[in-house]
Each structure stands twice: as C-alpha cells, then as structure tokens.
Enquirer: 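Got a structure here, written out as structure tokens. Questions coming.
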Amino acid sequence: MRVSFVVNGREETADDVWEGESLLYVLRERLGLPGSKNACEQGECGSCTVYLDGAPVCACLVAAGQADGCQVRTVEGLAEGDRLDPLQEAFVECGAVQCGFCTPGLIVQAHDLLERVARPSDAEIREALAGNLCRCTGYEKILDAVRLAATRKAESR
C-alpha cells in the first residue's frame with residue numbers, strides 16, 4: 001500500500017508499506033528520521049512519541065496506514081532549521097539528556113504540555129510525562145528543563 005502524509009511540514013510518500021508496518025518504522029527506516037526511538041514496541045516507554053494531527057501518540061502503536069493523509073510532527077520537526085526549540089535547548093542546558101534514548105519522546109510530550117499549559121505545576125509536569133520512562137536521569141533534570149522552558153516561554157510573551 002502507499003501511505004502519503006505530511007511530516008514536519010513536508011509531503012512524504014512511502015510505497016510498498018505492509019499492513020502491520022508501524023508509523024515508527026516508516027519514520028525511522030523509510031524516511032530517515034531517527035529521532036523517535038524504537039524501544040518497547042508496546043506503547044509503554046514513550047520513546048517513540050510523535051504528534052499525529054496535533055495529538056501526541058506512540059508511533060510504535062500506530063499502523064502506518066492510519067497516518068495516511070495526516071500531519072505528523074517528530075522531535076526533528078520541533079527545531080526550526082539549525083535552531084533548536086527552546087525546550088530542546090533547556091534539555092541540553094539542564095543536563096536532562098544522558099543516554100538520549102528517552103529524550104525525543106519526553107521532549108515531544110513536554111512540548112505538548114507547554115502548548116496547553118503556560119506555567120505547569122510540578123504535578124502537571126509529572127502527570128504529562130508519566131508515560132515516558134527514563135533509566136538514566138532520575139527525572140529531576142527533566143523536570144528542571146521543563147520548568148526552565150516554561151519560564152522562558154512565559155517571559156518571551
């Protein structure tokens with residue numbers, strides 16, 4: 001089957017997609033977008049989180065055919081050219097990036113939170129990121145990064 005969709009603002013087409021092929025596989029292997037990670041393949045870890053028509057989803061659980069005609073935004077699509085999104089910058093600045101495997105999903109999920117809630121409480125941040133697992137950071141630096149990005153975003157308004 002052929003799947004056509006808009007990924008990070010660009011029209012993309014993948015041919016010969018088989019029925020059980022995931023959106024994650026198409027993004028990584030067919031379109032060369034390795035940001036979203038393949039970890040659990042069960043929607044438990046959040047490392048593959050992307051936006052699908054504006055809503056965060058685990059790309060490992062979405063059949064590629066379900067994305068036909070949709071808008072997809074990956075962690076790569078948050079940056080503008082060579083300029084990182086302020087949340088991506090905050091993750092680097094706060095040391096929230098260690099092995100980096102969970103980072104793309106955490107950033108997409110936190111980005112969604114900051115689009116909905118300008119100044120989230122710690123409880124709101126924890127709830128928003130609850131579906132994303134990290135084995136390296138202990139989460140505190142991740143919380144610091146989200147707080148910093150929220151503060152900077154609020155100050156720039």
Side-chain angles (χ1 to χ4, degrees), residues 5-12 22-29 31-62 64 66-67 69-157:
F5 49 156
V6 176
V7 180
N8 299 331
R10 289 183 40 200
E11 290 201 27
E12 299 282 358
S22 70
L23 174 60
L24 177 62
Y25 184 87
V26 170
L27 292 171
R28 289 181 56 80
E29 305 302 328
L31 300 182
L33 294 168
S36 304
K37 302 297 185 238
N38 184 3
C40 73
E41 294 188 69
Q42 297 176 356
E44 296 290 328
C45 72
S47 66
C48 65
T49 304
V50 299
Y51 284 109
L52 181 63
D53 282 343
V57 298
C58 290
C60 72
L61 296 180
V62 176
Q66 290 176 285
C70 294
Q71 299 272 334
V72 176
R73 191 173 183 195
T74 68
V75 69
E76 292 97 339
L78 299 182
E80 291 185 27
D82 290 339
R83 191 171 143 231
L84 294 177
D85 181 86
L87 182 60
Q88 292 169 313
E89 290 175 350
F91 263 67
V92 172
E93 190 175 327
C94 291
V97 177
Q98 290 191 17
C99 83
F101 214 77
C102 66
T103 306
L106 283 163
I107 288 175
V108 171
Q109 197 67 48
H111 184 271
D112 179 64
L113 171 65
L114 296 180
E115 290 294 304
R116 294 180 291 107
V117 182
R119 291 287 204 144
S121 67
D122 281 2
E124 289 171 312
I125 296 170
R126 289 176 192 276
E127 183 178 338
L129 300 181
N132 295 77
L133 302 178
C134 175
R135 294 184 173 175
C136 300
T137 65
Y139 297 98
E140 197 56 43
K141 292 176 186 273
I142 294 166
L143 294 172
D144 291 343
V146 177
R147 288 184 207 111
L148 177 62
T151 299
R152 288 183 176 163
K153 189 174 181 178
E155 289 172 353
S156 71
R157 288 183 177 167

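We're numbering straight along the sequence, starting at 1. Because only heavy atoms are used, hydrogens play no part in the values below, and waters and symmetry mates are left out as well, while side chains stay in.
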Enquirer: So, for Ala110 and Leu129, which heavy atoms are closest and what is the spacing to 0.1 Å?
Expert: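 Heavy atoms of Ala110 and Leu129 come nearest at N-CD2, 3.8 Å.
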Enquirer: Backbone N or O of Leu106 within a donor-acceptor pair of the Gln109 side chain at under 3.5 Å?
Expert: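 Checked: no pair found.
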Enquirer: Taking all atoms of both residues into account, what is the closest heavy-atom pair of Leu52 and Cys70, and its distance?
Expert: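 The answer is CD1-CB, 3.7 Å.
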Enquirer: Find the distance between CG (Leu27) and OG (Ser22) and round it off to the nearest 0.5 Å.
Expert: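 Separation between the atoms: 8.0 Å.
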Enquirer: Charged N to carboxylate O below 4.0 Å: is that the case for Arg119 and Glu124?
Expert: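 Here Arg119 does not pair with Glu124 in a salt bridge, since their nearest N and O are not under 4.0 Å apart.
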Enquirer: Has Asn38 got a side-chain atom pairing as donor or acceptor with Cys60's backbone, closer than 3.5 angstrom?
Expert: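 Side chain of Asn38 to backbone of Cys60: no pair is present.
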Enquirer: Can you check whether Pro104 reaches Lys37 side chain to side chain, under 4.5 Å on heavy atoms?
Expert: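 The answer is yes; the side chains approach within 4.5 Å.
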Enquirer: Tell me, with the steps shown, if Arg116 and Asp112 meet salt bridge (Lys or Arg N to Asp or Glu O under 4.0 Å).
Expert: CA-CA 6 Å; Arg116 294 180 291 107; Asp112 179 64; 3.0 Å; yes
Enquirer: Test of understanding: with ring-ring contact (aromatic ring centres under 6.0 Å, His included), list the residues that count as partners of Phe5, not counting sequence neighbours.
Expert: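 Not a single residue meets the ring-ring contact (aromatic ring centres under 6.0 Å, His included) criterion with Phe5.
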Enquirer: Minimum heavy-atom separation for Asp85 to Leu78, with atom names?
Expert: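 That would be CB-O, 3.6 Å.
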Enquirer: How close do Ala39 and Ser47 get, counting heavy atoms only, and between which atoms?
Expert: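 Ala39 and Ser47 have their closest heavy atoms at CB-OG, 3.4 Å.
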Enquirer: Got a second to check how far Thr103's OG1 is from Phe91's CZ, nearest 0.5 Å?
Expert: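 Separation between the atoms: 6.5 Å.
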Enquirer: Quick check for you: to the nearest 0.5 Å, what is the distance between Glu76 atom CD and Leu31 atom CG?
Expert: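 Here the interatomic distance stands at 10.5 Å.
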Enquirer: Is there side-chain contact between Ile125 and Arg147, with at least one heavy-atom pair below 4.5 Å?
Expert: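 In short, these two side chains touch, coming nearer than 4.5 Å.
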Enquirer: Report yes if the side chains of Leu87 and Leu114 come closer than 4.5 Å at any heavy-atom pair, otherwise no.
Expert: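 Contact flag for Leu87/Leu114 side chains = yes.
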Enquirer: Heavy-atom distance under 4.5 Å between the side chains of Leu133 and Cys102, does that happen here?
Expert: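 SC-SC contact between Leu133 and Cys102 ruled out.
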Enquirer: Any side-chain heavy atom of Val75 sitting closer than 4.5 Å to one from Gln88?
Expert: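 A side-chain contact exists here, since the closest heavy-atom pair is under 4.5 Å.
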Enquirer: If you apply the rule salt bridge (Lys or Arg N to Asp or Glu O under 4.0 Å), what do you find for Asp144 with Lys141, and how did you get there?
Expert: CA-CA 5 Å; Asp144 291 343; Lys141 292 176 186 273; over 6 Å; no
Enquirer: Would the number of heavy atoms belonging to other residues, nucleotides or ligands and lying under 6.0 Å from CD of Glu41 be above 12?
Expert: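 No, the 6.0 Å shell around CD holds no more than 12 heavy atoms from other groups.
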Enquirer: For residues Leu84 and Ala79, report the shortest heavy-atom separation together with the two atoms involved.
Expert: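 Result for this residue pair: CA-CB, 4.1 Å.
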Enquirer: If every non-hydrogen atom of Ser36 is compared with every non-hydrogen atom of Val50, which pair is closest and at what distance?
Expert: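 For Ser36 versus Val50, the nearest heavy atoms are OG-CG1, 3.2 Å.
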Enquirer: Kindly say whether Gln71 contributes a backbone atom to a donor-acceptor pair with the side chain of Asp53 at under 3.5 angstrom?
Expert: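 Present.
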Enquirer: Kindly say whether Leu33 contributes a backbone atom to a donor-acceptor pair with the side chain of Arg28 at under 3.5 angstrom?
Expert: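 Not confirmed, Arg28 side chain does not pair with Leu33 backbone.
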Enquirer: Answer yes or no: does atom CD of Glu127 have more than 12 heavy-atom neighbours from other residues, nucleotides or ligands under 6.0 Å?
Expert: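 No, not enclosed.
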Enquirer: Measuring from Leu61:CG to Cys40:SG, what's the distance to the nearest 0.5 Å?
Expert: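 Leu61 CG to Cys40 SG: 7.5 Å, rounded to 0.5 Å.
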Enquirer: Tell me the ring-ring contact (aromatic ring centres under 6.0 Å, His included) pairs involving residues 95-133, sequence neighbours left out?
Expert: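 Listed by first then second residue: Tyr51-His111.
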